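Computed from a predicted model, the values in this text were never measured in an experiment.
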Amino acid sequence: MSTPFYVSPQQAMADRAEYARKGIARGRSLVVLQYADGIVFVGENPSRALHKFSEIYDRIGFAAAGKYNEYENLRIGGVRYADLRGYTYDRDDVTARGLANVYAQTLGTIFSSNAEKPYEVELVVAEVGATPDGDQIYRLPHDGSIVDEHGSVAVGGNAEQISTYLDQRHQDGMTLAEALKLAVQALSRDTNGSEREIPAERLEVAVLDRTRPQQRKFKRIVGRQLERLLGGDGSGDASAAPDSEDESESSTDSTDATDAKGSAGSTGSAKSSGSTGSAKSSDAKGSTDPSEES
């Protein structure tokens, strides 16, 4: 009977951590930045149905990199926790710190258990406050530890290179457009130092906007608004021009049609003054014209 190989607990944990890090690095990077009016989430995501960012509760957002099915299960669990706590106690009792603690316990239990593989995910939980000083951003690696971040954070892919780039250029009080452009510039840098262009169609962007009058501060930025913020070639404004032109043309056509009906009615009444038979037809037409104008 062969003797099983002995693996020290330190080596086993190191192997599991390396396995999880490699799985996370295969995914696309995403960044979370603070700006003057809240927190912005930016990531490269060609899919329109599978989201990396989502809303957890009124002022709390969720971002994740790694295996979609694993962080989607965590997201659903976070939503249930927030709804239950807000219903049982008060909506103000649902905080990003409490949610981060729940995620940390779950990830830590899975990572230290030998019965299953560790989750190949890295999470970011963010909460927007009434002022920039009240904003909270927590990063949760695969092992369940909690890292309190300030200003900016990057996860997935080449997160270290992107984090260094953001730390050197991110400033407090940036506008949404400035923060968005900085995030796209950081994501467009490859590991070899070269830059590539990421079109707006491949970006997923969401914000926690403290200035929104609604209680729920999470909002996705898509379409023309995203193109305007990126400072593109103005295609968003140009695409709105044909709509206004079509409306003006349709209104002109309807006006011409109304004028034509009016002129036809006046011609019919002028002809009806010639004979009694035509007068009867003009009376019939005259009874129809008021209903058409109304």
* Taking atom CD of Glu18 as the centre, does the number of heavy atoms from other residues, nucleotides or ligands within less than 6.0 Å exceed 12? -> yes

* To do: Please confirm whether the backbone N or O of Arg97 pairs with a side-chain atom of Asn101, one donor and one acceptor, at under 3.5 Å?
  => yes

* Asked: For atom CZ of Arg48, is the number of surrounding heavy atoms from other residues, nucleotides or ligands below 6.0 Å larger than 12?
  -> yes

* Heavy-atom neighbours of Glu160 CD exceed 12 at 6.0 Å -> no

* Asked: What's the spacing between Tyr119 OH and His142 NE2 if we round to 0.5 Å?
  -> 14.5 Å

* Asked: Can you tell if the side chain of Leu187 reaches within under 4.5 Å of the side chain of Ile162, non-hydrogen atoms only?
  -> yes

* To do: Check whether any side-chain heavy atom of Tyr68 lies under 4.5 Å from a side-chain heavy atom of Lys52, and answer yes or no.
  => no

* To do: Determine, stepwise, if the pair Lys217 / Glu55 fulfils salt bridge (Lys or Arg N to Asp or Glu O under 4.0 Å).
  => CA-CA 9 Å; Lys217 306 300 181 182; Glu55 177 187 22; over 6 Å; no

* Asked: With hydrophobic residues grouped by side-chain heavy-atom distances under 4.5 Å, do Phe53 and Leu208 end up in a single group?
  -> yes

* Picking from Asp135, Val40, Val128, what satisfies side-chain contact (heavy atoms from CB on, under 4.5 Å) with Gln34? -> Asp135

* Asked: Do Tyr138 and Val124 touch side chain to side chain, with heavy atoms closer than 4.5 Å?
  -> no

* So, does Ser113 use its side chain to make a donor-acceptor pair with the main chain of Thr109 at under 3.5 Å? -> no

* To do: Let me see the working for Asp15 and Gln11 under side-chain hydrogen bond (donor to acceptor under 3.5 Å, both in side chains), right down to the final yes or no.
  => CA-CA 6 Å; Asp15 293 342; Gln11 184 62 40; 2.8 Å; yes

* To do: Would you give the length of the straight line joining atom NE2 of His150 to atom CD of Gln136, rounded to the nearest 0.5 angstrom?
  => 9.5 Å

* Asked: So, is the end of the Arg216 side chain (NZ or CZ) under 6.0 Å from the ring centre of Phe218 and within 45° of the ring's axis?
  -> no

* **Closest approach of Leu140 to Ala100 (non-hydrogen atoms, all atoms of both residues)** => CD2-O, 3.3 Å

* To do: Before accepting this row, confirm whether a basic side-chain N of the pair Arg59/Glu127 lies closer than 4.0 Å to the acidic partner's carboxylate O.
  => no

* To do: Could you tell me the separation between the CD1 atom of Ile60 and the OG atom of Ser54, rounded to the nearest 0.5 Å?
  => 11.5 Å

* Is there a side chain to side chain contact (heavy atoms under 4.5 Å, CB included) between Tyr103 and Leu74 once you walk through the steps? -> CA-CA 7 Å; Tyr103 280 146; Leu74 293 172; 3.9 Å; yes

* Which residue, Leu180, Asp37, Leu176, Val42, forms the side-chain contact (heavy atoms from CB on, under 4.5 Å) with Val207? -> Leu176

* Asked: Is any side-chain heavy atom of Leu99 closer than 4.5 Å to a side-chain heavy atom of Ile56?
  -> yes

* Ala96 to Ala126 - nearest heavy-atom pair and separation -> CB-C, 4.3 Å

* To do: Kindly check if the number of other-residue, nucleotide or ligand heavy atoms within 6.0 Å of CG (Asp172) is above 12?
  => no

* Carboxylate-amine/guanidinium proximity below 4.0 Å for Glu70 and Lys117 -> yes

* Shortest non-hydrogen contact between Ala104 and Gly144, atoms and distance -> CB-O, 3.0 Å

* Go through the steps to decide whether Asp58 and Val94 satisfy the test side chain to side chain contact (heavy atoms under 4.5 Å, CB included), and finish with yes or no. => CA-CA 9 Å; Asp58 295 340; Val94 182; over 6 Å; no

* Expected output: side-chain Thr88 to main-chain Arg85 donor-acceptor under 3.5 Å -> no

* Asked: Do Arg202 and Arg28 have side chains that get closer than 4.5 Å, going by heavy atoms?
  -> yes

* Ring-face cation of Arg21 near Tyr19 (centre distance under 6.0 Å, axis angle within 45°) -> no

* Asked: What pair of heavy atoms forms the shortest contact from Gly157 to Ser29, and how long is it?
  -> CA-OG, 3.3 Å

* Structure fact -> On a heavy-atom basis, the closest approach of Pro118 and Phe111 is CB-CD1, 3.7 Å

* Asked: Between Ser152 and Val31, is any pair of side-chain heavy atoms under 4.5 Å apart?
  -> no

* SB check Arg220 Glu204 (cutoff 4.0 Å) -> yes

* To do: Look up atom OG in Ser163 and atom CD in Gln168, then write down how far apart they are to the nearest 0.5 Å.
  => 11.0 Å

* Structure fact -> To the nearest 0.5 Å, atom CD of Glu195 lies from atom OG of Ser188 at 5.0 Å

* To do: Begin with the C-alpha distance, continue with both residues' side-chain angles, and end with the deciding distance and a verdict on side chain to side chain contact (heavy atoms under 4.5 Å, CB included) for Arg189 and Tyr165.
  => CA-CA 9 Å; Arg189 298 179 64 87; Tyr165 184 88; 3.4 Å; yes

* To do: Establish whether Ile198 and Val222 are linked, either directly or via other cluster members, by ILVMFWY side-chain heavy-atom contacts under 4.5 Å.
  => no

* In the single-linkage hydrophobic clustering (I, L, V, M, F, W, Y; side-chain heavy atoms under 4.5 Å), do Tyr71 and Ile24 co-cluster? -> no

* How far apart are the C-alpha atoms of Asp209 and Thr211, what are their side-chain angles, what is the distance that settles it, and do they pass the side-chain hydrogen bond (donor to acceptor under 3.5 Å, both in side chains) test? -> CA-CA 5 Å; Asp209 187 358; Thr211 62; 2.6 Å; yes

* Is there a path from Ile146 to Val32 through hydrophobic residues (I, L, V, M, F, W, Y) whose side chains come within less than 4.5 Å of each other? -> no

* To do: Take Leu123 and Val155 through the test side chain to side chain contact (heavy atoms under 4.5 Å, CB included) and record every step on the way to the result.
  => CA-CA 8 Å; Leu123 310 180; Val155 297; over 6 Å; no

* Where do Pro132 and Ala36 come nearest, in terms of heavy atoms and distance? -> CG-O, 3.9 Å

* Are any non-hydrogen side-chain atoms of Leu166 and Leu33 less than 4.5 angstrom apart? -> yes

* Are Glu149 and Arg139 ion-paired here, with the side-chain N under 4.0 Å from a carboxylate O? -> yes

* Asked: So Asp143 and Ser145, side-chain hydrogen bond (donor to acceptor under 3.5 Å, both in side chains) or not? Walk me through it.
  -> CA-CA 6 Å; Asp143 58 355; Ser145 58; 3.0 Å; yes

* Evaluate the side-chain proximity of Val205 to Phe41: yes if any heavy-atom separation is below 4.5 Å, no if none is. => no

* **Hphob cluster co-occupancy, Ile221 + Leu182, side-chain heavy atoms under 4.5 angstrom** => yes

* Measure the spacing between CD of Glu72 and CZ of Phe62 and express it to the nearest 0.5 Å. => 8.0 Å

